[in-house]
There are 2 protein chains.
Amino acid sequence: MNKPTAPDCCPAPSAAPDLRPVEGRGADEELAVLAKAIGHPARIQILRLLTHRTACVCGDIVDELPLAQSTVSQHLKVLKEAGLVRGEVDGPRVCYCLEPRALRRLRVLVAGL
Amino acid sequence: MNKPTAPDCCPAPSAAPDLRPVEGRGADEELAVLAKAIGHPARIQILRLLTHRTACVCGDIVDELPLAQSTVSQHLKVLKEAGLVRGEVDGPRVCYCLEPRALRRLRVLVAGL
DNA sequence: ACGAGGTATCGTTCATCTACGATGAACAAA
DNA sequence: TTTGTTCATCGTAGATGAACGATACCTCGT
């Protein structure tokens with residue numbers, strides 16, 4: 001019944017197929033939002049950090065980037081609003097993890113170009 | 001020896017393998033540039049126009065988009081600077097075509113996330 | 001050389017992005 | 001309750017982006 005600091009977010013990969021269209025106005029807008037979200041090196045670096053460390057990091061991201069804490073928080077917000085990342089509160093800290101569905105969606109949309 | 005209006009740009013697909021790295025600082029920057037370039041619905045629409053019509057269009061792009069000619073020209077410039085598109089002068093008009101290598105590179109980099 | 005059509009560039013305006021420090025809110029431990 | 005830690009938000013300043021009209025630039029016919 002212990003509740004260690006180890007967070008338990010980053011849930012099931014959930015390999016459900018994606019039935020949304022790859023073209024059309026909606027897809028264009030969707031791809032534009034996703035692409036703009038990863039259109040900054042810092043945000044790409046954040047995504048890589050989250051992929052490599054399977055576990056969700058939180059403030060460690062700040063330590064890894066040459067940016068102020070508030071700036072990193074902004075970037076995380078952008079990624080979160082794009083749906084690429086999710087944050088779960090784990091005590092005083094926040095655990096961020098990738099949203100594999102969004103990443104897959106991005107790959108599909110880019111492949112559709 | 002005839003030189004019809006049909007443009008002869010959009011050259012060989014050239015399936016040479018890409019040996020550049022998928023990660024690291026350089027790749028991050030590269031992906032950020034490419035992603036930012038497609039981070040706007042109008043530019044995605046332009047890319048789709050260029051893929052669907054095999055032939056290179058030029059000012060027809062302006063007719064397809066609800067934007068001023070100068071704005072479309074700006075978007076084309078962004079795509080060109082990102083390496084996603086190339087423009088060749090064909091008489092009084094300019095023929096734009098996709099750069100398949102850049103598109104492939106983008107796919108690879110996104111897949112590497 | 002000249003005019004006409006097709007593009008690119010310039011200059012401007014308004015909005016969004018990026019970065020920071022400072023402040024605020026939430027929570028755990030004392 | 002108070003304190004310290006962690007993260008989000010606010011406010012700001014400078015840079016970049018997006019859109020347009022106007023204008024300059026080419027290239028081809030005449």
Side-chain angles (χ1 to χ4, degrees), chain A residues 2-9 28-29 32-47 49-50 55-82 84-97, chain B residues 2-9 28-29 32-47 49-50 55-82 84-97:
Chain A
N2 53 355
K3 193 170 185 310
T5 56
D8 61 318
C9 62
D28 285 2
E29 190 66 46
V33 168
L34 289 171
K36 194 191 293 186
I38 66 170
H40 192 288
R43 291 196 283 269
I44 294 178
Q45 232 175 317
I46 291 175
L47 290 182
L49 287 175
L50 294 182
C56 344
V57 273
C58 69
D60 303 331
I61 300 176
V62 176
D63 299 334
E64 300 276 1
L65 299 185
L67 295 171
Q69 177 265 327
S70 57
T71 305
V72 173
S73 195
Q74 287 265 106
H75 283 306
L76 284 168
K77 186 181 180 183
V78 172
L79 290 172
K80 194 160 55 179
E81 286 178 348
L84 284 164
V85 140
R86 183 174 23 150
E88 284 188 19
V89 177
D90 174 41
R93 62 199 91 214
V94 177
C95 163
Y96 281 97
C97 16
Chain B
N2 52 357
K3 194 172 184 307
T5 56
D8 61 318
C9 61
D28 285 3
E29 191 66 46
V33 168
L34 289 171
K36 194 190 292 187
I38 65 170
H40 192 289
R43 291 196 282 268
I44 293 177
Q45 232 174 316
I46 291 176
L47 290 182
L49 286 175
L50 294 182
C56 343
V57 275
C58 69
D60 304 331
I61 300 175
V62 177
D63 300 334
E64 301 276 0
L65 299 185
L67 295 172
Q69 178 266 325
S70 57
T71 306
V72 173
S73 195
Q74 286 266 107
H75 283 306
L76 284 168
K77 185 181 181 183
V78 172
L79 289 172
K80 195 161 52 176
E81 286 178 348
L84 285 164
V85 140
R86 183 173 24 149
E88 284 188 20
V89 177
D90 173 41
R93 62 199 93 211
V94 177
C95 162
Y96 281 97
C97 18

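Letters A, B, ... are given to chains in the order of the sequence lines, protein chains preceding strands, and every chain is numbered from 1.
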Exercise. Whole Å only: how far is the CG atom of B/D90 from the P atom of D/dT27?
Worked result: 12 Å
Exercise. Which pairs pass side-chain hydrogen bond (donor to acceptor under 3.5 Å, both in side chains) with one or both residues in residues 66-76 of chain A, sequence neighbours excluded?
Worked result: A/R43-A/H75
Problem set entry | For atom CG of A/L65 and atom C1' of C/dT18, their distance in whole Å | 14 Å
Seminar exercise, completed: Contacts of A/E29 meeting salt bridge (Lys or Arg N to Asp or Glu O under 4.0 Å) (sequence neighbours excluded), chain-then-number -> none
For this session: Go through residues 38-47 of chain A and report each residue with a non-hydrogen atom lying under 4.0 Å from DNA chain C, sorted by number.
Result: A/H40, A/R43
Problem set entry | Residues in side chain to side chain donor-acceptor pair (under 3.5 Å) contact with A/E64, at least two apart in sequence or another chain | A/R53
Exercise. Of the non-hydrogen atoms in A/D28 and B/I44, which two are nearest, and what is the gap between them?
Worked result: O-CD1, 3.4 Å
For this session: Measure the shortest side-chain to side-chain distance between B/D60 and B/L49 over non-hydrogen atoms and say whether it is less than 4.5 angstrom.
Result: no
For this session: Please state how far atom NZ in B/K36 lies from atom C1' in D/dT16, giving the value in whole angstrom units.
Result: 8 Å
Exercise. Of A/V89 and A/H75, whose closest DNA chain C nucleotide lies nearer the 5' terminus?
Worked result: A/H75
For this session: Quick one: which residue pairs count as a salt bridge (Lys or Arg N to Asp or Glu O under 4.0 Å) with a foot in residues 67-82 of chain A, not counting sequence neighbours?
Result: none
Exercise. Base, backbone or nothing for each nucleotide of nucleotides 3-9 of chain C, written B, S, -, heavy atoms under 4.0 angstrom, 5' to 3'?
Worked result: ---SBBB
For this session: Can you see which heavy atom on A/A35 is nearest to which on B/I38, and at what distance?
Result: CB-CG1, 3.5 Å
For this session: Check whether any side-chain heavy atom of A/V85 sits under 4.5 Å from a side-chain heavy atom of A/L47, and report yes or no.
Result: yes
